[in-house]
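Here is the structure we will look at, set down as structure tokens.
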Protein chains: 2
Amino acid sequence: MIRMTKLTDYGIVLLTHMAMEAPGSFHTAQDLATRSRIPVPTASKLLKALARAGLVISHRGRNGGYGLSRDADAISVAEIIAAIEGPIGLTECGTGTEGACDMESFCAARGRWAPINQAIERALQDVPLSAMRPAQPPPQERLVRLEAASGVAP
Amino acid sequence: MIRMTKLTDYGIVLLTHMAMEAPGSFHTAQDLATRSRIPVPTASKLLKALARAGLVISHRGRNGGYGLSRDADAISVAEIIAAIEGPIGLTECGTGTEGACDMESFCAARGRWAPINQAIERALQDVPLSAMRPAQPPPQERLVRLEAASGVAP
DNA sequence: GCTATCGGGACCTTTTCGGTCCAGATAGGC
DNA sequence: GCCTATCTGGACCGAAAAGGTCCCGATAGC
């Protein structure tokens with residue numbers, strides 16, 4: 001199966017929880033971990049990575065914590081994945097990393113991957129963080145609307 | 001990075017080599033492995049998986065070997081990946097495997113993945129095996145055409 | 001100063017990946 | 001009818017990566 005690591009999944013869940021709170025509010029790693037049911041050290045590690053990538057802002061010291069750096073609409077799932085896992089792509093080929101594959105000179109599929117990688121990245125860029133959040137105002141079942149709004153469904 | 005395993009990559013290279021030969025021709029695992037620069041036992045394992053999935057046909061005994069079960073245009077990259085890695089999807093969520101995630105009951109992103117998974121699968125279904133082969137008649141540069149044909153770009 | 005919090009590591013354990021090998025079944029050639 | 005090349009199915013193993021823990025230093029409210 002083509003997949004993200006579980007860490008990335010957790011990262012998205014963490015950000016989703018932040019997106020459910022008031023914009024501009026801050027929350028400790030402890031708090032976010034508890035609410036997401038993710039072990040605290042793991043959540044902490046993820047939040048560090050997200051802060052390094054500029055997706056969240058961190059405040060140290062007492063009453064410190066993490067908060068989204070932008071509106072949830074302006075953060076794409078592609079960015080989140082890239083922040084935790086690195087460049088998006090199914091293979092090393094075509095992600096810009098040269099010489100990553102020692103079979104490059106005689107690979108039958110050489111150069112064929114880039115368009116596929118780009119198509120997938122584009123699909124993920126079109127999904128904002130706000131589309132992942134359950135959207136409390138209408139209490140349940142926004143599934144259908146999400147599908148229509150995500151821009152990736154036909 | 002979102003990724004396939006190297007095994008799957010090898011599988012596609014193997015099939016690409018088959019697609020470069022005359023339709024209906026058969027090749028031993030040994031032969032395909034040598035041409036693809038893949039260790040023979042590994043290639044053999046992959047070909048078994050592809051045969052089980054019905055993408056290639058196997059003949060045992062002397063003068064046996066493997067051949068494509070259909071035209072290269074009728075085999076999608078999505079099928080190849082599914083044959084080697086299982087169902088396509090970024091997460092377990094939304095791939096039909098129920099109960100795979102023990103956080104399901106309180107996951108903030110529950111149910112939000114299915115549309116994304118489907119978008120990616122669709123992108124891969126739109127790329128036929130024939131698009132991966134170097135396409136000897138026009139010697140180089142079909143890249144642009146592939147990009148236009150993938151059908152997932154916004 | 002005290003203490004709660006983030007920052008950047010090192011570290012360990014488990015799983016999975018990538019790869020090897022072998023005994024058996026099948027089928028063509030002699 | 002035997003021999004041999006080939007696929008089939010499985011067990012097996014080492015290495016790498018994922019997943020998770022812990023610690024110490026820096027920072028900033030109180």
Side-chain angles (χ1 to χ4, degrees), chain A residues 1-14 18 25-34 36-67 69 81 83-86 90-92 100-103, chain B residues 1-14 18 25-34 36-67 69 81 83-86 90-92 100-103:
Chain A
M1 151 149 125
I2 302 199
R3 60 191 189 107
M4 301 183 316
T5 66
K6 213 186 285 183
L7 265 315
T8 307
D9 201 353
Y10 288 169
I12 292 179
V13 171
L14 283 170
M18 284 200 233
S25 60
F26 276 74
H27 315 274
T28 69
Q30 171 93 43
D31 176 29
L32 290 167
T34 306
S36 311
R37 311 291 214 283
I38 296 172
V40 179
T42 300
S44 177
K45 176 196 252 179
L46 285 168
L47 289 164
K48 287 176 210 172
L50 293 170
R52 234 173 291 138
L55 295 182
V56 303
I57 292 175
S58 66
H59 280 161
R60 294 211 244 188
R62 235 169 163 209
N63 298 345
Y66 293 96
S69 67
I81 294 174
I84 300 178
E85 308 212 11
L90 290 180
T91 66
E92 303 285 343
C101 176
D102 51 354
M103 308 170 63
Chain B
M1 156 146 118
I2 302 199
R3 60 190 189 108
M4 301 182 314
T5 66
K6 213 187 286 184
L7 265 315
T8 308
D9 200 355
Y10 288 169
I12 292 179
V13 171
L14 282 171
M18 284 201 231
S25 59
F26 276 73
H27 315 274
T28 68
Q30 172 94 42
D31 176 29
L32 290 166
T34 306
S36 310
R37 312 290 214 283
I38 295 173
V40 178
T42 299
S44 177
K45 176 197 252 181
L46 285 168
L47 289 164
K48 286 177 210 171
L50 294 170
R52 235 173 290 137
L55 295 182
V56 302
I57 292 175
S58 66
H59 281 161
R60 293 212 243 189
R62 220 142 186 236
N63 298 346
Y66 293 97
S69 67
I81 294 173
I84 300 178
E85 308 213 10
L90 290 180
T91 67
E92 305 284 345
C101 175
D102 50 355
M103 307 170 66

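Below, chain A is the first sequence line, B the second, and so on; all start at residue 1.
Judged purely by atom type and a 3.5 angstrom limit, A:Glu85 uses its side chain to pair as donor or acceptor with the backbone of A:Thr5. Listed for the B:Thr34 side chain is a donor-acceptor partner under 3.5 Å among the backbone atoms of B:Gln30.
OP1 or OP2 of D:dT8 lies within a sub-4.0 Å distance of a side-chain N or O belonging to B:Ser58. A:Thr28 has no side-chain polar atom (N or O) that falls below the 4.0 Å cut-off from OP1 or OP2 of C:dC6.
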* Tell me, for nucleotides 18-30 of chain D in 5' to 3' order, what letter each nucleotide earns: B for a base near a protein heavy atom under 4.0 Å, S for only sugar-phosphate near one, - for neither? -> -SBB---BBBBSS
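Every side-chain contact (heavy atoms from CB on, under 4.5 Å) that B:Pro39 has, sequence neighbours left out, goes to B:Pro41, B:Thr42. Partners of A:Asp31 according to the side-chain contact (heavy atoms from CB on, under 4.5 Å) rule, which considers only residues two or more places apart in sequence or in another chain, are A:His27, A:Thr28, A:Arg35.
Listed candidates were C:dG8, D:dT8, C:dG7. Nearest to the side chain of A:Arg52 is C:dG8.
Taking atom CD1 of B:Ile84 as the reference point, atom C1' of C:dT16 lies 16 Å away to the nearest angstrom. If you take CG of B:Leu47 and P of C:dG19, they are 14 Å apart, rounded to a whole angstrom. In this entry the distance linking CZ of B:Phe26 with C1' of D:dA5 reads 16 Å, nearest Å. Taking atom OH of residue B:Tyr66 and atom P of nucleotide D:dA5, one finds them 17 Å apart after rounding to whole Å. Summarising the geometry, the separation between CD on A:Glu85 and P on D:dA17 is reported as 14 Å, rounded to the nearest angstrom. Between A:Leu50 atom CG and C:dG7 atom C1' there is a gap of 14 Å when expressed in whole angstrom units. Rounded to whole angstrom, the span from the CG atom of A:Leu14 across to the P atom of C:dC6 amounts to 12 Å.
Separating the CG atom in B:Leu32 from the CG atom in B:Leu14 is a distance of 6.0 Å, to the nearest 0.5 Å.
At a threshold of 4.5 Å between non-hydrogen side-chain atoms, the residues B:Met18 and B:Phe26 do not count as touching.
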